[in-house]
Amino acid sequence: MARLKVAVLISGSGTNLQALIDACAAPAFPAEITKVISNRPGAGGIARAERAGIPVQIIDHKAFADRTAFDTALNEALCASGIELVCLAGFMRLLTAEFVTRWHDRLINIHPSLLPAFKGLHAAHQAVDAGVRVAGCTVHFVRAEMDSGPIIVQAAVPVRSDDTGESLQARIQQAEHLCYPQALKLIAEGRVKVDGDKTQLLDEGFTEERRLINPD
Ligand code: GRF
């Protein structure tokens with residue numbers, strides 16, 4: 001069966017990109033990364049893509065007059081490569097409503113909180129400041145409003161009393177590296193149906209009821 005052609009957009013170190021690369025390395029995985037785009041020439045994730053033999057394109061936002069011009073270049077690069085699904089992985093640019101509409105239900109993002117809580121930057125710091133006991137991460141379809149859209153996969157991550165934003169962020173990232181490949185797999189298998197503001201998962205496959213109580 002043909003594998004879903006995926007582009008990953010990055011701005012930084014690319015640990016989520018790495019998790020997706022590792023998942024796609026399994027021959028049975030139903031998706032393949034055929035392009036990585038970075039808006040920052042110095043992004044650490046570029047080397048990860050190159051090591052995996054994935055074509056990398058740098059589209060430096062600073063070279064464009066405005067967001068629309070940048071997003072147009074982005075769209076052209078994706079279309080030229082026959083991309084079917086776009087994964088944002090630490091991509092630190094807000095996308096225009098036009099771009100988001102064009103990639104409706106074919107554009108996903110990972111965010112380090114249990115959305116809809118703690119949108120925006122420094123979500124782990126926000127969680128520590130708010131004193132929540134359970135934080136987490138979310139993979140969701142992208143809509144024009146920042147950090148919103150139908151949720152595909154979430155993971156809960158316990159918050160410790162001595163956590164800093166940094167220590168919690170590091171723990172959340174470990175969960176992200178499980179969630180993002182899982183969400184990509186579900187989509188590529190055709191098991192995610194968008195239904196209004198939510199998704200329905202076909203064959204969810206829960207084996208037991210589980211609870212996370214923190215502290216336990
Ligand atoms: C992740 O925490 C992700 O949730 C957020 O940006 C971070 C990217 O990290 N959107 P990395 O570049 O994948 O290591």
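Whatever order the structure lists them in is the order used to number ligands and atoms, beginning at 1. Given the structure is predicted, the values throughout are model-derived calculations rather than measurements.
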*Asks:* The criterion is side-chain hydrogen bond (donor to acceptor under 3.5 Å, both in side chains); which residues satisfy it with R48, sequence neighbours excluded?
*Replies:* Q18
*Asks:* Q173 heavy atoms, cut-off 4.0 Å: which ligand 1 atoms fall inside?
*Replies:* 1 (C), 2 (O), 7 (C), 8 (C), 9 (O), 11 (P), 14 (O)
*Asks:* Provide the number and element of each atom of ligand 1 under 4.0 Å from a heavy atom of Q169.
*Replies:* 2 (O)
*Asks:* Do other residues, nucleotides or ligands put more than 12 heavy atoms under 6.0 Å from the CG atom of D197?
*Replies:* no
*Asks:* Can you report which non-hydrogen protein atom sits closest to atom 6 (O) of ligand 1, along with the distance?
*Replies:* G90 CA, 3.5 Å
*Asks:* T15 heavy atoms, cut-off 4.0 Å: which ligand 1 atoms fall inside?
*Replies:* 11 (P), 12 (O), 13 (O), 14 (O)
*Asks:* Looking only at heavy atoms, what is the nearest atom pair of R106 and I83, with distance?
*Replies:* NH1-O, 4.2 Å
*Asks:* Return yes or no for this condition: an N or O of L17 is under 3.5 Å from an N or O of ligand 1.
*Replies:* no
*Asks:* Parallel, tilted or perpendicular: which one describes the rings of F64 and F70, with boundaries at 30° and 60°?
*Replies:* perpendicular
*Asks:* Regarding D163 and R171, does a basic nitrogen lie under 4.0 Å from an acidic carboxylate oxygen?
*Replies:* yes
*Asks:* Can you check whether K5's main-chain N or O pairs, donor with acceptor, with E84's side chain at less than 3.5 Å?
*Replies:* yes
*Asks:* So which protein heavy atom does atom 10 (N) of ligand 1 come closest to, and at what separation?
*Replies:* I110 O, 3.0 Å
*Asks:* Which of the numbered atoms in ligand 1 are under 4.0 angstrom from any heavy atom belonging to S13?
*Replies:* 11 (P), 12 (O), 14 (O)
*Asks:* With a 4.0 Å cut-off on heavy atoms, is G14 touching ligand 1?
*Replies:* yes
*Asks:* With a 4.0 Å cut-off on N to O distance, would you call D162 and R160 a salt bridge?
*Replies:* yes
*Asks:* When you measure from atom 1 (C) of ligand 1 to each heavy atom in Q18, M92, H111, E176, which option holds the nearest one?
*Replies:* E176
